[in-house]
Amino acid sequence: MILYNSITRKKEPFTPLDPKHVKMYVCGPTVYDRAHIGNARPVVVFDVLFRMLKHLYDTVTYVRNITDIDDKIMTAAAKKQVSIQHITTENTRFYNEDMTALGALPPTQTPKATEHIQEMIQMIEDLIQKKFAYAKDGHVVFDVERNNTYGKLSRLNLDDQISGARVEVAPYKKNPQDFVLWKPSDDTQPGWDSPWGRGRPGWHIECSAMVKKHLGKTFDIHGGGIDLIFPHHENEIAQSECCHDGSPFARYWMHNGHLIVNGEKMSKSLGNFFTVEELRDTYAGEAIRLTLLSAHYRQPLDWRPEVVAQSTAILDRFYTALEGCPDAPGTVSDAFLNCLKDDLNVPEALSQLHTMVSNIHKEKDLFQKQTLQRNCKASANLLGLLESTAENWFQGTESDDVLWIEDMIEKRHQAKKNKDFKEADTIRDKLREKGILLEDTSNGTTWKRK
RNA sequence: GGCCGGGUGGCAGAGUGGUUAUGCAGAGGACUGCAACUCCUUGUACGCUGGUUCGAUUCCGGUCCCGGCCUCCA
């Protein structure tokens, strides 16, 4: 497999440190609110990577953290007059529900920041002892000047940070670029005892601590949104590599492009976002997923309703091709796999899928057709698509009106037999009003919900 | 000011130094009682401008426009 590595800015052949065991970490959510569709893009993108890696290697450990201590959570709790734990457990549950609806597999592990406070404190102590960090006024701050490789991921030159940039001036920092590892908490704020008094961790140290615990000092792939390159990932590298005496941190860095709306970045601070929850009310989870996969993961993706409608139309066609697909395993197409091996070229893989679907429709021999169907399904499954059945996709799982539908179809059948086409069309129109579309085939009439 | 992406047919979106994906939508046809599904046919697009080349959408330069990052962010 070939992957684009953000730190070298080149496509590189991927070779895991342990040829039988790939280790991957992706930055997960800060659980202060419901996920928006932009939060879902990295989840779906790295879910495809996870599926690919599992297909190609014996063992894959995929860690995605839950950040459940953060000032945004504190603000949300205060605003809603509920406990912090209420906010975090509820939003964690919502997050998992939303991502499951988008067809994302659960990662191997989903560690929580609050369950790794001791590990963070230990790393911070190491960094102080090695003189990469200093304590002042209850804060512990990373000393960027002591880290001479600082900036290697983002390639930002510290001296060039001039006007236009927001540079925080905090009294406890030696340099404006220094970032906080630990900060003090007052009695109203959540906090843990530490060598520097009661306090809580800064933003970046949680990921370093959880990576170290679950994947070790050096691991294979670190992923996240492109906006995390600076400062989050840059700071993770600094903390971890300084703490580990220069042992390399992630070997491959992967960043997904932003989701945009009407040409503008979608973000909570701009207010131009859709939550996954509200989109799920309108569209099938799988259609949302296909839309998120419609552009290459490193490209920006413009979220527009027409594209989701297009994705739905594509899935209709795909599932039509899978009607009668036996429930048996198939083989992933080589042409399809090769697309994905080239830095997850999903759009090109999808075009292979279209070819397969077309061949299924044209195949007359039933046995051949079923083989093609199984292989098509196996291929699509690598993208987390076509995991349902045609019946479920078209007819849904609610069944209270199925008897009525079948009754109407039978009545129409009788009318057609009597050449009473007017009555037959009346019945069909009546069903259409209820969102039921009929299709006459050589084996009788089938129906779909629209 | 610094750093980084991107501009492809009505729309979405890959890719490539020359045979110019793929899909959605549209048009025509076949099938059908009529439809739907499906099948067949149909679309020479790569911001502008120089250069390199036999040949550039693809390489190089310039230029215009759009977007992102520069400590809230996926």
Side-chain angles (χ1 to χ4, degrees), chain A residues 6 9 26-30 32 35-43 45-46 70-72 75 144 151 154-168 170 173 176-180 202-204 223-232 234-235 255-260 263-270 273 291 294-296 298-302 304 306-314 316-317 320-321 323 339 342 345-355 357-358 360-362 416 419-422 424-425 428-429 432 437-442 445-448 450:
Chain A
S6 309
R9 301 195 179 163
V26 174
C27 289
T30 299
Y32 69 102
H36 68 232
I37 187 64
N39 299 122
R41 169 118 105 142
V43 174
V45 163
F46 291 106
D70 182 275
D71 288 7
K72 288 195 290 297
T75 308
V144 166
S154 59
R155 301 192 192 181
L156 290 177
N157 185 336
L158 296 181
D159 300 330
D160 289 340
Q161 298 206 353
I162 14 177
S163 63
R166 291 165 291 170
V167 177
E168 184 185 348
K173 288 184 181 179
Q177 303 88 358
D178 291 353
F179 58 91
V180 172
W203 173 28
H204 319 290
I226 194 168
D227 55 329
L228 291 182
I229 288 178
F230 191 88
H232 187 53
E234 194 70 67
N235 291 354
H255 294 96
N256 62 274
H258 263 126
L259 200 129
I260 59 179
E264 252 194 335
K265 178 179 144 174
M266 174 194 288
S267 75
K268 289 193 177 170
S269 48
L270 289 175
F273 61 93
T291 306
S294 65
H296 183 90
R298 284 192 277 118
Q299 296 300 124
L301 179 72
D302 202 349
R304 299 172 41 206
E306 305 92 289
V307 182
V308 198
Q310 182 176 309
S311 297
T312 307
I314 291 168
D316 281 344
R317 180 173 158 80
T320 300
E323 277 169 354
C339 297
D342 182 10
N345 194 335
V346 173
E348 206 168 359
L350 284 170
S351 80
Q352 291 294 328
L353 223 45
H354 277 105
T355 306
V357 163
S358 202
I360 290 169
H361 282 305
K362 284 184 223 170
K416 277 174 61 174
K419 303 270 185 224
D420 185 354
F421 295 120
K422 201 174 169 194
D425 287 351
R428 186 168 62 196
D429 290 343
R432 183 179 293 138
L437 298 183
L438 299 188
E439 292 178 8
D440 295 333
T441 73
S442 50
T445 300
T446 62
W447 61 274
K448 297 173 173 177
K450 199 63 199 164

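Naming convention: chains lettered A, B, ... in sequence-line order (proteins, then strands); numbering from 1 in each chain.
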Problem - Under-3.5 Å donor-acceptor pair between A:Asp440 side chain and B:rC34 base - result: yes
Problem - Base B:rA12 to side chain A:Arg304, donor-acceptor N/O within 3.5 Å cut-off - result: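 Checked by distance alone, the answer is no.
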Scan [X] against the nucleic acid and name what it touches under 4.0 Å (heavy atoms): base, sugar-phosphate only, or nothing.
X        : result
A:His354 : sugar-phosphate
A:Leu437 : nothing
A:Gly38  : base
A:Lys416 : base

Exercise for the section: Could you run through RNA chain B and flag its stems, i.e. three or more consecutive Watson-Crick or G-U pairs with both distances under 3.5 Å? Expected result: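 Consecutive-pair runs (3 or more) involving RNA chain B: B:1-7 with B:64-70, B:10-12 with B:22-24, B:26-30 with B:38-42, B:47-51 with B:59-63.
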Exercise for the section: Please state whether the rings of A:His204 and A:His232 are parallel, tilted or perpendicular, taking 30° and 60° as the class boundaries. Expected result: tilted
Handout entry: Given B:rC11, B:rA35, B:rC69, the nucleotide with the shortest approach to the side chain of A:Arg432
Key = B:rA35
Exercise for the section: Between B:rC11, B:rG33, B:rC40, spot the one nearest the side chain of A:Gln310, thanks. Expected result: B:rC11
Handout entry: Rounded distance in Å between the C1' positions of B:rG67 and B:rC31
Key = 48 Å
Handout entry: A:Trp203 vs B:rC73: side-chain N/O to OP1/OP2 distance below 4.0 Å
Key =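 Checking A:Trp203 against B:rC73: at least one side-chain N or O falls below 4.0 Å of OP1 or OP2.
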Exercise for the section: Could you tell me the separation between the NE2 atom of A:His361 and the C1' atom of B:rC31, rounded to a whole number of Å? Expected result: 15 Å
